[in-house]
Amino acid sequence: MLNYRNTIILFLIILAGFILADVFLSVHPGWYVGMGIVLLLLLIAGSIYIRLEFYIKSYSTGDRNQKRVAFSFDDGPDSGYTPVILDLLKQQGILAAFFVVGNKLEHNMEIIRRIDQEGHIMGGHSFSHHFFFDLFTVRRMKIELERTEEMVMRITGKKMKLFRPPYGVTNPVLARVIRKLGYHVIGWSLKSKDTVTGDSQVLLERLQKKVKGGDLILFHDTKPILSGVLPSFITFLKSEKYQIVRPDQLLNLEAYE
Ligand SMILES: [Zn+2]
């Protein structure tokens, strides 16, 4: 498997081969530059595409042979929209996962209690959701995850084991932190695009077209557009005989310690 470790080993072997070859017949510098570019592109792709599991194992898809899908919501709790989503899920009898941002918890404790009491699960999504989270040191990243975990623990008494990286970006630093804390990294297999699409009909049609068995769908409980999309999408899924399960069931994982 082409993961971070294997890639580095492979490139070191190729580099040694180049240097050795250089002794006998001169290797054009372009080969070294080309190799550097390929390595850089691989490292970037590995960072952006969580599903490649380049830096760390991640869970993004359930069994493709079963008509089961799951909903997940990032970036909350949001005092305005998370309760709307919770009402909607309750009416439809659906359980989901909420990947919460630590610095939003203190002012939304009631919502966290409600998420927990209504049977949904929670995972971490960093404390700050900082744009440059991926450039943080091991220490700073670890504090972000632990602070969020501690706050959820204080409110619900449960110790989270799931973490979804902000923007889905992974790197060797995050991989170290995750290993230290013993978390499971969660990705997604279908992005709803609720952060970029302003038209609920476009969003709905896209979801209906793309959804497949085993999909873990990424939504954001900060986006009002969802209240106009989710009821129709759920009706569609039910008419197509999809079962909507909680993400930990779809992925066969424990959400809490
Ligand atoms: Zn996010």
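All values reported here derive from a predicted model rather than from experimental measurement. Just so you know, ligand 1 is whichever comes first in the structure, and atom 1 is the first atom listed for that ligand.
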Exercise. Which N, O or S atom name in Asp75 marks its closest approach to the Zn ion (ligand 1)?
Worked result: OD1
Exercise. To the nearest 10 degrees, how large is the angle at the Zn ion (ligand 1) between His129 NE2 and His125 NE2?
Worked result: 90°
Can you give each donor-acceptor pair under 3.5 Å made by side-chain atoms of residues 5-23, sequence neighbours left out, with the distance rounded to 0.1 Å?
from, atom 1, to, atom 2, distance (Å)
Asn6, ND2, Met1, O, 2.6
Asn6, ND2, Asn3, OD1, 3.4
Thr7, OG1, Asn3, O, 2.7
Asp22, OD1, Val27, N, 2.6
Asp22, OD2, Tyr32, OH, 3.0

Problem set entry | Cationic N near anionic O, under 4.0 Å, Arg68 to Asp215 | no
For this session: Test salt bridge (charged side-chain N to carboxylate O under 4.0 Å, His left out) on Glu146 and Lys142 and set out the steps.
Result: CA-CA 6 Å; Glu146 283 174 333; Lys142 190 164 169 276; 3.2 Å; yes
Exercise. Would Arg206 and Thr197 count as having a side-chain donor-acceptor pair, cut-off 3.5 Å?
Worked result: no
Exercise. Does His220 put an N, O or S atom under 2.8 Å from the Zn ion (ligand 1)?
Worked result: no
